[in-house]
Amino acid sequence: MLEIKFVRQNLAEVQAALAARNDKADLDAFMEADEQRRVILQEMEALRHRRNVVSDQIADMKKKGENAESLVLEMRDVSARIKALEGDLAGHEETLQGILVTLPNLPHASVPVGRDETENVPFKQVGNPPTFDFPPQAHWDIGEKLGILDLERAAKITGARFPLYFGMGARLERALINFMLDIHTTEHGYTETLPPFIVNRTSMTGTGQLPKFEADLFKLENWDYFLIPTAEVPVTNIYSGDVLDEERLPVYCTAYTPCFRSEAGSYGKDTRGLIRQHQFNKVELVKFAHPEHSYAELESLLENAETILKRLEIPYQVITLCTGDLGFSAAKTYDIEVWLPAQDKYREISSCSNFEDFQARRANIRYRRKGRKGTAYVHTLNGSGLAVGRTFAAILENYQEADGSVRIPEALQPYMGGLKKIEPAT
RNA sequence: GGAGAGAUGGCCGAGUCGGCUGAAGGCGCUCGCCUGCUAAGCGAGUAUAGGGUCAAAAACUCUAUCGAGGGUUCGAAUCCCUCUCUCUCCGCCA
């Protein structure tokens, strides 16, 4: 969320940022409600002040045994007036809040301006796509033939876009989760967490999924609870409402969770395979950082995520999202895209963002400044480290052999009980 | 699901029959003094948010906030109602 004062004083800048994001909002309604709010507030506070003063007076008179009846009668009217004003004020504040929570974050100055994903800017490329002396198969074909992936039975159990891993497939998925968590906790200094997979409306609003994107979420019937679309939501909200000591920053947390997304509006996209599922596994990285260091923290967060692909020796590229492709809460985002031979292109496997104080303001996550008065909002960051299902797909496609078997990347072999290759049952 | 207890500032904790209680006391923290160093001791300070004055900051001032929301009242941390959460006991359960 943007600060109300900032919006009031920088209307043009906010308007320009909205345009760069292909977004818009009724800022006239905002200014109108803001103005009204302050007019009412002033009258109301003046009346409250009078009531406070007179109430003390009444107390004094009663103590002395004097008759305060006329003052009591007057205050009765004043209180009624205050109550009426409170109602008006609440109306305007609701309007203001309603607009404020739907305003996206301002892009950082270093974010390239662009209309949509076609104008994202390449940042770096690591590794070279492998060459095959046979036509590489898609991961769903490889997986089905090896008997380690059974999307048809998953559809029977639930419906389209749910995974069923089998045998060494389930083992490989679990190995990847452990591999990623081990690296982030032992080498990158993240604290492992295992948060709830269902969260309330307040948490979803805190990280920015709500109120605008409710259609993307799975909601529990009869409860105001939602299945998490990413561990970002429960993990960022670990410190909602808290005031952290400055010397504790930065705080690093990692979490493995399943993620649930309705994928509303994506019918016909990636209909096959593991790329776009309603349920998938992800290891997430979350940072609570000092505002002065958050962009350095974004770079190291990106490196932490990249490390996984480097160790697995899978080629990838990193792009900087342009203003038009930036997520609602993000000020800057790098996407890591992994090479998928069967698709002959790079596909997103991680998204690393700095949200600056946007989420911290919504979720009220602050720190106490050493030697200075008051508190300030922390900066929050997060990134996938990595999406496990897509990593699984990338291994199958990049490490496939002509006979349909799949080699296990060396770094992962200890997590697979020393297995070097998943081979077709003969 | 049934019965009961509770929710106060960064933390702990006090608030009598509703009336200078934004809130005693303690801890912590900051600054100063003291002290070979450290510790202890002494003194002062130490919530957040929103308005107003102001170009702005500082400063001053007003208002709100004692889990959340509503009610009673001239006046509510204190009384009433609803909800949420925590704890204890019983039941059920992985």
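Owing to the predicted nature of the structure, the values given are computational and were not obtained by experimental measurement. Throughout, a chain's letter reflects where its sequence line sits, starting with A, and its residues are numbered from 1.
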To the nearest Å, how far apart are A:E246 CD and B:U30 P?
12 Å

A:R366 side chain to A:N364 side chain, donor-acceptor N/O pair below 3.5 angstrom
yes

Please measure how far the P atom in B:G67 lies from the corresponding atom in B:A7, and state the result in whole Å.
8 Å

Pairwise P distance for B:G15 and B:C79, with rounding to whole Å:
13 Å

When the P atoms of B:G69 and B:U84 are considered, how many whole Å apart are they?
15 Å

What is the distance from CG of A:L47 to P of B:U63, rounded to the nearest Å?
12 Å

Pairing partner of B:G22, by Watson-Crick or G-U wobble and under 3.5 Å for both distances, is none

Distance-only polar pair, side chains of A:N354 and A:E297, donor-acceptor under 3.5 Å:
no

Quote, to the nearest angstrom, the C1' distance that separates B:C34 from B:U38.
14 Å

Rounding to the closest angstrom, what is the interatomic distance between B:G6 and B:U65 at atom P?
24 Å

Residue pair A:A59/A:R51 against RNA chain B: nearer the 5' end by closest nucleotide is A:A59

Provide, to the nearest angstrom, the distance between the CZ atom belonging to A:R38 and the P atom belonging to B:G51.
7 Å

B:G18 to B:C80 separation - P atoms, rounded to the nearest Å
11 Å

Round to the nearest Å and state the distance from A:L85 atom CG to B:G51 atom C1'.
14 Å

Ring center gap for A:Y295 and A:H108 short of 6.0 angstrom:
yes

side-chain contact (heavy atoms from CB on, under 4.5 Å) test vs A:Y399 passes for just one of A:I314, A:I142, A:I408, namely A:I314

State the pairing partner of B:C92; accept Watson-Crick or G-U wobble contacts with both distances under 3.5 Å, and report none otherwise.
none

Pairing partner (Watson-Crick or G-U wobble, both distances under 3.5 angstrom) of B:A14:
none

May I have the distance from A:D88 (atom CG) to B:G51 (atom P), rounded to whole angstrom?
18 Å

Could you give the CD-to-P distance, from A:Q42 to B:U61, as a whole number of Å?
18 Å

Give a yes/no answer on whether the side chain of A:S79 brings an N or O atom under 4.0 Å of OP1 or OP2 in B:G75.
yes

With a 4.0 Å cut-off on heavy atoms, is A:N52 in touch with a base, just the backbone sugar-phosphate, or nothing at all?
sugar-phosphate

Nearest-Å distance for atom pair CG/P, residues A:N364 and B:A47
17 Å

Which nucleotide in the list B:G50, B:G19, B:G52 gets nearest to the side chain of A:S55?
B:G19

Does the B:G52 base have a donor-acceptor partner in the side chain of A:E45 within less than 3.5 Å?
no

P atom, B:C20 versus B:C42: distance in rounded Å?
31 Å

Could you tell me whether the side chains of A:E299 and A:Y334 share a donor-acceptor contact shorter than 3.5 Å?
yes

Among the nucleotides B:A64, B:U72, B:C74, whichever has the atom closest to the side chain of A:K83 is B:U72

Measuring from the side chain of A:H49 (C-beta onward, heavy atoms only), which nucleotide among B:U63, B:C74, B:G51 has the closest atom?
B:U63

Check every atom of B:U63, B:C85, B:C74 against the side chain of A:Y225 and return the nucleotide holding the closest atom.
B:C85

Could you tell me whether A:I58 contacts a base, only the sugar-phosphate backbone, or nothing, with contacts defined as non-hydrogen atoms closer than 4.0 Å?
base

Side-chain N or O of A:R8 versus OP1/OP2 of B:G51: is the shortest distance under 4.0 Å?
yes

May I ask which nucleotide in the shown strands pairs with B:U72, Watson-Crick or G-U wobble, both distances under 3.5 Å?
none

If B:C31 has a Watson-Crick or G-U wobble mate with both distances under 3.5 Å, name it; if not, just say none.
B:G43

Nearest to side-chain heavy atoms of A:R366, which nucleotide of B:C74, B:U48, B:G52:
B:U48

Ionic contact status for A:D141 with A:K145, cut-off 4.0 Å
no

Partner nucleotide of B:U48 by Watson-Crick or wobble geometry (both distances under 3.5 Å)
B:A64

Position toward the 5' end of RNA chain B (nearest nucleotide), A:V72 or A:R37
A:R37

Quick one: look up who B:C87 pairs with, Watson-Crick or G-U, both distances under 3.5 Å, and put none if it's unpaired.
B:G4

Rounding to an integer number of angstrom, what distance separates B:G10 and B:G22 when you compare their C1' atoms?
16 Å

Only pairs with both distances under 3.5 Å count, Watson-Crick or wobble alike; so what is the partner of B:A58 in this structure?
none

Counting only heavy atoms not in A:F197 (residues, nucleotides, ligands), do more than 12 fall under 6.0 Å from its CZ?
yes

Does B:U63 have OP1 or OP2 under 4.0 Å away from a side-chain N or O of A:R48?
no

d(NZ, A:K62; P, B:C20) in whole Å:
15 Å

Determine whether more than 12 heavy atoms belonging to other residues, nucleotides or ligands lie under 6.0 Å from atom CD of A:E410.
no

